[in-house]
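These notes concern the structure reproduced below.
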Protein chains: 2
Amino acid sequence: MLGMYRLSTSRRPRADARRNYDRLLAEADAAFRERGVDASLESIARRAGVAIGTLYGHFPSRRVLVGALLRERNETLFELGDGLLAHQTPDALATWVRAATAHAATYSGLASLLASGLDDEASELHTSCLRMADIGERLIAWARESGIVRADATGADLTALTTAAAWLREHMSLEGADRLITLTLDGLAPARPTLAGTR
Amino acid sequence: MLGMYRLSTSRRPRADARRNYDRLLAEADAAFRERGVDASLESIARRAGVAIGTLYGHFPSRRVLVGALLRERNETLFELGDGLLAHQTPDALATWVRAATAHAATYSGLASLLASGLDDEASELHTSCLRMADIGERLIAWARESGIVRADATGADLTALTTAAAWLREHMSLEGADRLITLTLDGLAPARPTLAGTR
DNA sequence: ACCTGAACACCGTTCAAGT
DNA sequence: ACCTGAACACCGTTCAAGT
C-alpha cells in the first residue's frame, strides 16, 4: 500500500488532501526511479497535478518525501533482518548484506542520503539508518562468536560495504557491486589455519 | 604549476586571458575542495573576478574544468603506477589501490565523475580513466601470475574497489574506506591450502 | 484544513555587443 | 582574441491570499 496516508492529529483527512498525498507519492517514486533522488520537486508536483506549495505542505523536505516512500520497504527489510537473526543460518550475513545493498540502491543517489542520515540526527532517515546499523551489528557479533568471520570484524564494516556497494550499483554494473560484496565477505572470513590445526 | 596555461593554436595568449585562466583554475580548485565538484560555476567566476561568460570561454563544460585541474595529479599517479609495474614489489597492488583511491577522492563527487568517465567516450576524463584502468589491469595480471591474488581476480575488481572506496572517503570516514580496501584485498588473496599443500 | 501560485533567490548556459 | 553581462530557462523555498 504505497499511498497509505499517514494519520496525523486529525482523524479524517480531507478527501482531496489524501488524494494529493497519494498522487505525490506515486509521482515522486516514478521520478526518483527515473532521475534519481535529486529529481526536480517542481516536476513531481506538476506531474501530480498540484501546485508546488501542496507538495511542501505534505512533505516539508525532500528527505521527508524519501522517508515516506521508503517506509514499507524498510519494514520488510527489518523483518528479513530479524528473521536472519532468529534462524542464524550460515549464509545469514551474506543474505543481509545483499538485501541491505539492494534497499540502499532503490533510487540512484539514495546511498549518499543514507550515509549522511546515519550521522545526522535531524535527518528523517536517521532512525531507519540506526535500525539497519543495529541489525548489522548484531549479525556480525553473532558471526564473530560463531567464528565465521574474523575477530576484528565490525558493524561499521557492514554499513561501509553496504553503502559502497549500493553506490556501485548506481554508477557501475550490478555485477560489479555484487562482486565487491563477495570479495569483501571473503576478506571478512577468518584466516584459515595453514598447517595441521583445527579442521 | 597548477595554473599552467594550455597552449592552443596561437603561440602567445593574451596576458589578461592567461591571468583569467589561472585565477579561474585556482578558484575552482578552492570551490571544489570546499563544496565538491558540483560547486556553483557562477560563484567560481565571481570569486575569480570575471564574468560568467569568461569561465565558459576557457572551460566549455564543468568536466573540462575538472580535467584541467586533475592533469598534473594524474601525471604523478601514472608515474607511480608505472614505477610499481617496473619494480613489482609485493605490496605494489595495495599501494596502487590506495593511491588511486586518494586520487579519486580529491574532490567530493569526483568518484561519480570518474565512474561515468570510464564508459563515456565524450567525457574529458575518459582517457585518464582508461589509463588508470589499464595500469590496474596490468598490475592485477602480474599479481595473478605471481600467485598473490586469486586466479579470477580482474581489473574491473580494482576499479570498482577504487571508486567505491573513494566514495566512502567522501561520505563516511577515511578509515572506513581504508578498511574496505584492506578487506577486499584480503578477499582477493588466493585460497590458502588448508592441509599439507605447497610450501 | 488545505490549496494556489506569485515572489524571491540562485543557478546553468548562450550569445550579441563591446574592446 | 577575448571579455562582458543581459537573456532565457529552470529550480528550491516561502507565504499571503483564497476556498
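Just so it is clear, the structure is predicted and the values come from calculations on it, not from any experiment. Every chain is numbered from 1, with letters handed out A, B, ... down the list of sequences.
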With sugar-phosphate meaning primed atoms plus P, OP1 and OP2, does G57(B) contact a base, only sugar-phosphate, or nothing at under 4.0 Å between heavy atoms?
nothing
For H58(A) and Y21(A), take the angle between the two ring planes, folded into 0 to 90°, and tell me which bin it lands in: parallel under 30, tilted 30 to 60, perpendicular over 60.
perpendicular
Within the pair N20(A) and dC3(C), is there a side-chain N or O less than 4.0 Å away from OP1 or OP2?
yes
Which nucleotide, dC11(D), dC3(C), dG12(D), lies nearest any side-chain atom of Y56(A)?
dG12(D)
In this structure, CZ of R179(A) is separated from CE of M172(A) (nearest 0.5 Å) by 14.0 Å
On DNA chain D, check which nucleotide each of G53(B) and I52(A) is closest to and give me the residue with the more 5' one.
G53(B)
State whether a side-chain donor-acceptor pair under 3.5 Å links W142(A) with S146(A).
yes
If I take atom NE2 in residue H58(A) and atom C1' in nucleotide dT14(D), what distance separates them, rounded to the nearest angstrom?
17 Å
V50(A) or E42(A): which one's nearest nucleotide on DNA chain C is closer to the 5' end?
V50(A)
Roughly, in whole Å, what's the span from CZ in R35(B) to P in dC10(C)?
12 Å
Kindly say if R46(B) contacts the phosphate of dC11(C), meaning a side-chain N or O under 4.0 Å from OP1 or OP2.
yes
Hey, are the side chains of L180(B) and L161(B) touching, using non-hydrogen atoms and a 4.5 Å cut-off?
yes
Contact nearer the 5' end of DNA chain D, comparing S40(A) with A51(B):
A51(B)
Whole-Å gap separating P (dT13(C)) and CG (L55(B)):
10 Å
Scan T54(A) against the nucleic acid and name what it touches under 4.0 Å (heavy atoms): base, sugar-phosphate only, or nothing.
base
